[in-house]
Amino acid sequence: IFKPEDPLTQWFFLRRVPCLSNRVEEDPRVRAKQRGGIRFRTLLSSPIFDRNGEVMAFVGVANERETRGFDDDHVARSVMLAQMAAGAIQNAITLRKFRYGGEKFRRLSSKVLNLQDEERRRIAKLLHETTAQDLLAAKMNLGKASRDLRSDTWGDLTSDDEATRDCQRLVEESLGLVNGAMQGIRTLAYVLHPPLLDESGLRCALEWFVKGFAKRSEITAELQIGADVGRLPREMENAMFRVVQESLGNIHRHAES
């Protein structure tokens with residue numbers, strides 16, 4: 001391994017061609033002040049280029065003892081070895097970038113999924129605490145109106161039996177619509193983020209979801225969970241619940257079951 005301050009190194013990098021010297025201590029390319037630090041007698045180096053043609057490293061062979069030195073055949077072999085090394089280094093760099101990019105993508109995907117789950121949890125809470133409560137209040141008002149109609153509270157309406165019946169029918173239909181909307185909101189909130197997932201864990205949440213899916217879709221679905229499966233980390237339970245949810249949803253939409 002040659003350091004930047006070694007003889008011939010700067011010359012080698014500037015010219016980007018193989019360097020051969022069989023008498024380094026007498027080589028005119030070596031500066032006079034460097035001669036005292038020479039550690040070897042012969043040197044053969046070839047540059048290793050990257051894909052842009054820039055020198056990223058070099059392969060070198062040196063000998064500290066007196067030898068017959070290197071020849072053109074050695075230069076050819078050195079160049080071939082440098083080319084092979086270039087391919088191996090580039091592959092290693094590409095693999096490292098791929099692994100880094102894959103890990104970065106996994107971290108980003110995990111962050112996005114966590115943000116999505118937090119948003120689902122927030123929307124589910126809003127549906128439960130606002131929309132569902134408003135519908136409940138409307139249901140109570142309609143229920144009171146229905147009872148008043150049946151008990152002849154509104155005397156001016158009961159004077160016309162047909163008008164009373166029409167009003168009663170509209171109130172009952174509105175009650176049915178509100179009940180349906182409440183059920184839909186409740187189901188949507190639970191599907192977005194079932195409270196059971198946080199409160200009781202994956203097993204209870206899946207049991208509830210699969211049972212509800214089978215009822216809504218009229219597709220037979222059976223859940224099997226090992227008896228030794230207990231509470232898991234929150235992110236893992238969320239991910240596994242979404243896998244089951246998406247799988248059953250795809251079956252309902254695409255499998256023509």
Side-chain angles (χ1 to χ4, degrees), residues 94-144 146 170-257:
T94 301
L95 180 60
R96 183 176 181 179
K97 289 181 177 179
F98 176 78
R99 287 177 175 173
Y100 173 76
E103 181 60 31
K104 187 176 181 180
F105 177 76
R106 282 191 291 272
R107 290 197 300 268
L108 180 61
S109 297
S110 177
K111 184 176 181 180
V112 169
L113 290 175
N114 288 335
L115 289 175
Q116 287 179 341
D117 190 70
E118 289 298 327
E119 182 66 9
R120 287 180 172 182
R121 183 183 283 105
R122 186 185 68 84
I123 294 174
K125 184 178 180 181
L126 286 174
L127 288 174
H128 177 72
E129 294 181 352
T130 59
T131 308
Q133 298 304 315
D134 291 342
L135 287 173
L136 179 60
K139 178 182 177 180
M140 294 173 65
N141 290 339
L142 287 171
K144 184 177 184 303
S146 178
L170 290 174
V171 170
E172 295 296 334
E173 288 179 359
S174 298
L175 274 172
L177 292 173
V178 170
N179 284 330
M182 290 182 64
Q183 181 62 38
I185 290 294
R186 189 178 297 111
T187 300
L188 178 59
Y190 271 72
V191 168
L192 282 172
H193 187 82
L196 287 173
L197 195 57
D198 292 332
E199 297 169 2
S200 304
L202 182 65
R203 178 187 296 275
C204 291
L206 285 179
E207 288 174 348
W208 167 85
F209 178 75
V210 172
K211 182 178 179 180
F213 170 82
K215 182 178 179 181
R216 292 189 300 271
S217 65
E218 298 182 352
I219 297 175
T220 302
E222 180 183 355
L223 177 67
Q224 295 181 357
I225 303 181
D228 57 341
V229 176
R231 291 306 302 263
L232 300 169
R234 175 179 169 182
E235 293 79 7
M236 186 179 296
E237 289 191 333
N238 288 339
M240 297 179 72
F241 181 84
R242 297 303 174 196
V243 168
V244 175
Q245 186 181 50
E246 185 68 16
S247 300
L248 292 178
N250 287 337
I251 291 171
H252 188 208
R253 288 189 295 268
H254 307 302
E256 300 181 358
S257 297

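These numbers come from a predicted model, not from an experiment. Atoms considered below: every heavy atom in the structure, side chains included; atoms not considered: hydrogens, waters and symmetry mates.
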Colleague: Could you walk me through whether L136 and Q133 pass the side chain to side chain contact (heavy atoms under 4.5 Å, CB included) test, one step at a time?
Modeller: CA-CA 5 Å; L136 179 60; Q133 298 304 315; 4.1 Å; yes
Colleague: How many angstroms lie between atom CG of N238 and atom CD of Q116, to the nearest 0.5 angstrom?
Modeller: 11.5 Å
Colleague: Roughly how far, to the nearest 0.5 Å, is CD1 of I225 from CG of L206?
Modeller: 5.0 Å
Colleague: State, with a plain yes or no, whether a side-chain heavy atom of F209 is found less than 4.5 Å away from one of L223.
Modeller: no
Colleague: For A221 and A214, which heavy atoms make the closest approach, and how far apart are they?
Modeller: N-CB, 4.3 Å
Colleague: Minimum heavy-atom separation for V229 to R203, with atom names?
Modeller: O-NH2, 3.4 Å
Colleague: In plain terms, say whether E237 and R234 are close enough for a salt bridge, that is, a side-chain N and a carboxylate O under 4.0 Å apart.
Modeller: no
Colleague: Once you round to the nearest 0.5 Å, how far does OH of Y100 lie from CG of L95?
Modeller: 15.0 Å
Colleague: Start with the C-alpha gap between F213 and Q245, add the side-chain angles, then the distance that decides, and say whether side chain to side chain contact (heavy atoms under 4.5 Å, CB included) holds.
Modeller: CA-CA 9 Å; F213 170 82; Q245 186 181 50; over 6 Å; no
Colleague: Please report the closest heavy-atom contact between L127 and I185, naming both atoms and the distance.
Modeller: O-CG2, 3.8 Å
Colleague: Output the distance between atom CE (M182) and atom CG (L175), rounded to the nearest 0.5 Å.
Modeller: 11.0 Å
Colleague: Check R231 against G201 and note the closest heavy-atom contact, atom names and distance.
Modeller: NE-CA, 3.2 Å
Colleague: Does R253 pair with E246 as a salt bridge, N-O distance under 4.0 Å?
Modeller: yes
Colleague: Say you draw a straight line from CD1 of I251 to OG of S217; how long is it, rounded to the nearest 0.5 Å?
Modeller: 9.0 Å
Colleague: When rounded to the nearest 0.5 angstrom, what distance separates CG in L142 from CD in E173?
Modeller: 11.5 Å
Colleague: What verdict does the side chain to side chain contact (heavy atoms under 4.5 Å, CB included) test give for R120 and R242, after you've listed the backbone C-alpha separation in whole Å, the side-chain angles of each residue and the deciding distance to 0.1 Å?
Modeller: CA-CA 12 Å; R120 287 180 172 182; R242 297 303 174 196; 2.9 Å; yes
Colleague: Could you check if a side-chain atom of Q183 sits within less than 4.5 angstrom of a side-chain atom of N179, using non-hydrogen atoms only?
Modeller: no
